[in-house]
Amino acid sequence: MIDLAQLRREPDAVKAALARRGVSTSTMDEILELDREHRRLLQEAEALRAQVNELSRQVGEARRDKNPSHADELAATSRALGDLEREAREATDVTATLLREKLLMIPNLPAPDVPDGLDENDNVEMRRWWVGMDQGAGLPTYEAHQRVAHWDIGAELGILDLEAGAKLAGSMFPLYRGAGARLLRALGFFALDRHMGDYEEIRPPSFALTETMMSTGHLPKSADDMYAIERDGLWAIPTAEVPLTSMNRGEILDEARLPIRMTAQTACFRREAGAAGRDTRGLLRVHEFDKVELFAYCTPEQAEAAHADILARAEGLLQALGLTYRVLILCTGDLGTSSARTLDLEVFSPGVDRWLEVSSVSWFGDFQARRANVRYRTADGSTALVHTVNGSALAWARIWAALVETYRQSDGSVALPEVLAPYLGGQTTIPTRLR
RNA sequence: GGAGGGAUGACAGAGCGGCCGAAUGUACCGGUCUUGAAAACCGGCGUGGGCUUGCCCACCGUGGGUUCAAAUCCCACUCCCUCCGCCA
């Protein structure tokens with residue numbers, strides 16, 4: 001949630017920043033007007049409440065002084081004022097609810113360095129990395145045997161069974177088998193081990209309450225993109241960001257504890273409403289995938305370093321896996337609701353000949369902390385909202401695809417990077433099937 | 001799923017219709033004393049909101065209700081603990 005006090009204090013600056021994201025000035029004017037109305041009603045209600053409190057106090061006094069008739073008189077006056085107060089309070093609540101509903105739909109202010117743009121086509125590429133780049137090698141070229149899509153490789157080697165997944169849960173619910181399933185497990189272990197020590201490992205629930213979804217900004221705006229279990233009032237988490245951000249919800253943290261850094265691997269569920277067609281084949285876009293997330297609560301001063309650390313870790317994993325990737329800064333039109341700045345990592349996958357998003361590293365400022373009410377105690381004893389940062393390191397479905405495509409050999413087998421050997425029982429080759 | 005008990009400030013723990021935003025203890029901060037520290041003593045010590053910045057309002061698990069007045073009474077829900085049942 002944006003800072004209402006800031007909107008009051010510097011309306012033009014806030015409007016200008018949000019206009020970059022397509023929020024109209026009139027929307028913000030409506031909010032300002034509602035805010036004025038709310039405060040007016042609030043003052044009215046509180047003034048009445050103060051009178052009722054004072055009269056009630058006097059009733060008590062009169063009773064103690066054994067003056068029941070005076071007490072009854074005061075009580076009657078107070079009752080009448082109480083009725084007025086109830087009306088005033090109801091009007092105040094209605095306005096407050098309306099104001100909050102509108103405010104919850106307003107996205108975060110983009111950071112100044114976020115480029116303007118309409119959609120993902122306007123994201124700006126910042127750099128690329130590939131094996132041997134430091135030694136002056138050019139961008140990798142790919143052989144014909146690497147130009148095979150992962151769904152074909154998966155079927156050929158018996159390591160990805162999309163038909164079985166579809167049979168069980170419908171399309172876009174992949175099923176990995178044999179060495180494919182083991183590779184997925186290896187990737188999670190590999191990443192979590194590298195984050196161990198610096199980030200506390202968490203294994204959170206896979207479902208979350210509506211309130212928890214509100215804190216990250218996934219609700220109310222993106223309800224259609226998520227799986228709901230209505231009977232129990234739960235939502236399937238689209239990312240571990242959801243539970244991690246709410247870990248200390250409503251708490252005041254000791255500044256000395258910051259930054260608090262956590263990591264979690266979870267299944268991530270996404271309905272991706274309306275998505276269909278060419279971009280959805282194989283593992284390009286699925287309803288369920290595993291992902292390791294990195295997360296930190298920090299002070300505003302620590303945020304930049306925390307953000308950089310997550311990005312460096314995500315890149316470090318890609319480099320260790322020897323995958324070609326590029327770093328993009330998202331433009332205003334592609335930025336997530338809660339984010340002030342997001343950097344995406346995309347790996348190049350030669351079989352499908354596409355760049356695939358495998359990580360999104362975001363700085364939220366105090367936007368999520370305001371919703372989740374996570375604060376810290378500063379040196380001077382006052383409280384301030386924390387900043388939250390997070391990023392994937394990494395989303396495995398697309399990494400899986402990029403790995404089998406990149407490392408497919410001329411004989412059809414796949415030779416995986418040696419860094420995974422400890423997690424694959426030393427066996428880094430996925431062999432062709434025996435005929 | 002059944003029966004019972006509980007939820008109050010950082011923690012422990014009183015209060016069970018009327019100056020209670022809340023005793024007391026611990027912790028924490030400042031001071032006195034001390035060569036220094038400890039002890040002792042004195043003082044301070046929740047969060048949020050509104051505006052005329054001094055005052056007002058709200059908050060005792062959550063949401064309703066009763067009342068002139070609710071931490072305190074009533075109803076519903078959530079969570080925790082104990083016992084029984086079921087169960088990977």
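The structure displayed is predicted, hence computed values, not measured ones. Throughout, a chain's letter reflects where its sequence line sits, starting with A, and its residues are numbered from 1.
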Nearest-Å distance for atom pair [atom1]/[atom2], residues [X] and [N]:
X: Arg64(A); N: G18(B); atom1: CZ; atom2: C1'; value: 6 Å
X: Asp93(A); N: C59(B); atom1: CG; atom2: P; value: 12 Å
X: Leu209(A); N: G61(B); atom1: CG; atom2: P; value: 20 Å
X: Gln51(A); N: A69(B); atom1: CD; atom2: C1'; value: 15 Å
X: Asn373(A); N: U62(B); atom1: CG; atom2: P; value: 13 Å
X: Arg86(A); N: G64(B); atom1: CZ; atom2: P; value: 13 Å
X: Gln43(A); N: U53(B); atom1: CD; atom2: P; value: 13 Å
X: Arg57(A); N: C56(B); atom1: CZ; atom2: C1'; value: 14 Å

Compute whether any side-chain donor of one residue and acceptor of the other, for [X] and [Y], lie under 3.5 angstrom apart.
X: Thr92(A); Y: Thr95(A); value: no
X: Thr212(A); Y: Ser215(A); value: no
X: Lys291(A); Y: Thr239(A); value: yes
X: Asn373(A); Y: Arg375(A); value: yes
X: Ser360(A); Y: Asp344(A); value: yes

Legend entry - ring-ring contact (aromatic ring centres under 6.0 Å, His included) assessment of Phe269(A) paired with Trp235(A): CA-CA 9 Å; Phe269(A) 300 93; Trp235(A) 303 80; over 10 Å; no

Give none if [N] has no partner; otherwise give the nucleotide forming a Watson-Crick or G-U wobble pair with it, both distances under 3.5 Å.
N: A10(B); value: U26(B)
N: G17(B); value: none
N: A88(B); value: none
N: C55(B); value: G50(B)
N: C73(B); value: G65(B)
N: C45(B); value: none
N: C83(B); value: G2(B)
N: A37(B); value: none

Legend entry - Residue mapping more 5' on RNA chain B - nearest nucleotide basis, Ser78(A) or Glu54(A): Glu54(A)

Inset, instruction - Select from Ile252(A) and Ala47(A) the residue whose nearest nucleotide in RNA chain B is closer to the 5' end of that strand. - result: Ile252(A)

Legend entry - Distance, nearest 0.5 Å, that separates CD of Glu10(A) from NZ of Lys15(A): 12.5 Å

Atom [atom1], compared across [N] and [M]: separation rounded to whole Å:
N: C60(B); M: A14(B); atom1: C1'; result: 13 Å
N: G49(B); M: G1(B); atom1: C1'; result: 44 Å
N: A40(B); M: U34(B); atom1: C1'; result: 12 Å
N: C75(B); M: C80(B); atom1: P; result: 23 Å
N: C73(B); M: G18(B); atom1: C1'; result: 14 Å
N: U52(B); M: G64(B); atom1: C1'; result: 36 Å
N: U72(B); M: U8(B); atom1: P; result: 14 Å
N: G15(B); M: U82(B); atom1: C1'; result: 26 Å

Legend entry - Non-hydrogen side-chain atoms of Arg185(A) and Arg182(A) separated by less than 4.5 Å: yes

Legend entry - Distance test, side-chain N/O of Arg375(A) to OP1/OP2 of G48(B), below 4.0 Å: yes

Under 4.0 Å between any heavy atoms, over every strand shown, what does [X] touch: base, sugar-phosphate, or nothing? Just pick one.
X: Leu74(A); result: nothing
X: Arg79(A); result: sugar-phosphate
X: Arg377(A); result: sugar-phosphate
X: Asn53(A); result: sugar-phosphate
X: Thr77(A); result: nothing
X: Arg8(A); result: sugar-phosphate

Inset, instruction - Mark yes or no for a side-chain to base donor-acceptor pair under 3.5 Å between Arg63(A) and G18(B), with no hydrogen or angle criteria applied. - result: yes

Legend entry - base_contact_polar (G49(B) base, Glu46(A) side chain, donor-acceptor, <3.5 Å): yes

Inset, instruction - Give the nucleotide from the list U47(B), C68(B), G50(B) with an atom nearest to the side chain of Thr383(A). - result: U47(B)

Legend entry - Nearest to side-chain heavy atoms of Arg39(A), which nucleotide of C57(B), U47(B), G50(B): G50(B)

